[in-house]
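Please read the structure below before turning to the comments.
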Number of protein chains: 2
Amino acid sequence: MTEIPNPPTTLAERLQRGNLFAEKCPSRDILTHVTSRWGVLLLVALLSGTHRFSELRRKVGGISEKMLAQTLQWLESDGFVERIAYPVIPPHVEYRLTPLGQEIAQKVESLADWIEVNLPDILAAKRQKAE
Amino acid sequence: MTEIPNPPTTLAERLQRGNLFAEKCPSRDILTHVTSRWGVLLLVALLSGTHRFSELRRKVGGISEKMLAQTLQWLESDGFVERIAYPVIPPHVEYRLTPLGQEIAQKVESLADWIEVNLPDILAAKRQKAE
DNA sequence: GGTGTGTACTTACTATTGGTAAGTATATGT
DNA sequence: ACATATACTTACCAATAGTAAGTACACACC
């Protein structure tokens with residue numbers, strides 16, 4: 001068996017792994033894409049399967065075409081979303097999560113779900129504070 | 001007939017639980033505070049205990065005082081952070097997570113942690129795509 | 001055969017938000 | 001007497017997001 005005698009956080013680990021508290025860490029960019037206003041909603045929407053551009057626009061209430069395109073491009077460039085374009089007219093493009101995208105989308109969904117479920121508690125706390 | 005047939009999800013459920021895909025749902029506001037650029041980092045920072053304003057400023061690399069104050073006010077108004085001010089000079093103010101804040105901060109940390117751990121994979125996928 | 005519709009975008013313009021730097025009041029240290 | 005530290009706020013400017021319109025082309029309709 002291959003032993004791992006090294007301490008929990010080795011130097012190598014620290015260098016490889018991101019550090020969000022560090023200003024210029026590339027993980028910050030990934031995080032801003034994923035946690036952007038529309039990034040969160042798109043990842044959750046795509047968890048239920050492949051969607052076309054227009055399907056996503058209709059599903060995610062309030063998103064503009066510009067931000068939909070831009071956010072999908074961010075997520076694609078980070079390797080979370082795959083874009084499949086069929087060369088037909090009118091255009092037909094499909095978006096779906098990559099394996100990496102599925103993983104992160106689940107984390108995001110768990111957060112989003114928590115908020116949805118606990119909304120009554122949160123709003124109740126806000127109201128109490130306002131008094 | 002003007003009657004509305006029974007919906008699949010009950011009316012009570014729809015009113016109590018948030019729906020992020022709906023444009024005007026209040027859960028959207030909570031989500032934007034929590035997933036804002038600095039909201040994420042502050043929640044994670046506060047998981048390790050009570051912090052003063054200036055401690056947070058030093059810990060979260062790159063945050064400005066303006067955004068630190070503003071983000072803390074959002075999180076406080078949502079009931080995730082508690083602010084304790086001691087009436088001394090120079091000022092002494094402490095911030096800590098409420099029970100509700102602890103819960104959501106853990107979700108956020110799990111997401112942040114996933115990104116930090118998987119950063120090498122993500123960057124590798126980006127590089128491959130660039131070829 | 002002219003008009004209207006649907007697709008997946010991009011682009012110019014404007015509104016909103018974020019970042020920077022400076023200001024504030026006051027105790028303590030040098 | 002002057003610099004330092006605290007926890008902010010405020011004015012100004014830069015970056016980002018939202019709005020509305022444009023694009024190219026096939027198909028259906030009358």
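Letters A, B, ... mirror the listed sequences (proteins, then strands); counts begin at 1.
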- Apart from A/Y86 itself, its cluster of hydrophobic side chains linked below 4.5 Å comprises A/I84, A/V88
- Message: Among residues 20-39 of chain A, which ones have heavy-atom contacts with DNA chain D below 4.0 Å?
- Response: A/R37, A/W38
- Query: Just how far, in rounded Å, is C1' of D/dA7 from CG of B/L42?
  - Reply: 15 Å
- For B/S54 and B/K59, what are the C-alpha separation, side-chain angles and deciding distance, and is it a side chain to side chain donor-acceptor pair (under 3.5 Å)? CA-CA 9 Å; B/S54 52; B/K59 187 167 189 174; over 6 Å; no
- Query: Could you give the distance from CG (A/L119) to SG (B/C25), rounded to the nearest 0.5 Å?
  - Reply: 5.5 Å
- Task: Please work out if B/Y95 contacts a base, only the sugar-phosphate, or nothing of the nucleic acid, heavy-atom cut-off 4.0 Å.
- Result: sugar-phosphate
- Item | Carboxylate-amine/guanidinium contact A/E94 A/R52, below 4.0 Å | no
- Task: Take the protein atom CG of A/L56 and the nucleotide atom C1' of C/dA8, then report the distance between them rounded to whole Å.
- Result: 12 Å
- NA contact type, A/S64, heavy-atom cut-off 4.0 Å: base, sugar-phosphate, or nothing? base
- Check A/T71, A/T35, A/V34 against A/L43 for a side-chain contact (heavy atoms from CB on, under 4.5 Å) and give me the one that passes. A/V34
- Query: Pairs in or reaching into residues 18-71 of chain B: which pass ring pair (Phe, Tyr, Trp, His ring centres under 6.0 Å), with residues at least two apart or in two chains?
  - Reply: B/H33-B/W74
- Message: Without decimals, in angstroms, what is the distance between A/M67 CE and C/dT17 C1'?
- Response: 12 Å
- So ring pair (Phe, Tyr, Trp, His ring centres under 6.0 Å) across residues 94-131 of chain A, not counting sequence neighbours, yields none
- Item | side-chain N/O A/R58 vs C/dG6 OP1/OP2, d < 4.0 Å | no
Short heteroatom pairs, N/O only, protein and nucleotides 21-29 of chain C, under 3.5 Å:
none

- Message: From CD of B/E94 over to C1' of D/dA7, roughly how many Å is that when rounded to an integer?
- Response: 13 Å
- May I ask you to list the residues of residues 69-78 of chain A, by number, that have any heavy atom positioned under 4.0 Å from an atom of DNA chain D? A/Q70, A/W74
- Query: How many angstroms lie between atom CZ of A/R83 and atom CG of A/L75, to the nearest 0.5 angstrom?
  - Reply: 13.5 Å
- Query: Which whole-number value in Å describes the distance from B/E55 CD to D/dT6 P?
  - Reply: 9 Å
- Item | Among A/D113, A/L41, A/V40, side-chain contact (heavy atoms from CB on, under 4.5 Å) partner for A/V108 | A/V40
- Task: Would you check if the side chain of B/R28 reaches a backbone N or O of B/L20 as a donor-acceptor pair within less than 3.5 Å?
- Result: yes
- What integer distance in Å separates A/R52:CZ from C/dT7:P? 6 Å
- Side-chain donor/acceptor of B/T98 to backbone N/O of B/G79, under 3.5 Å: yes
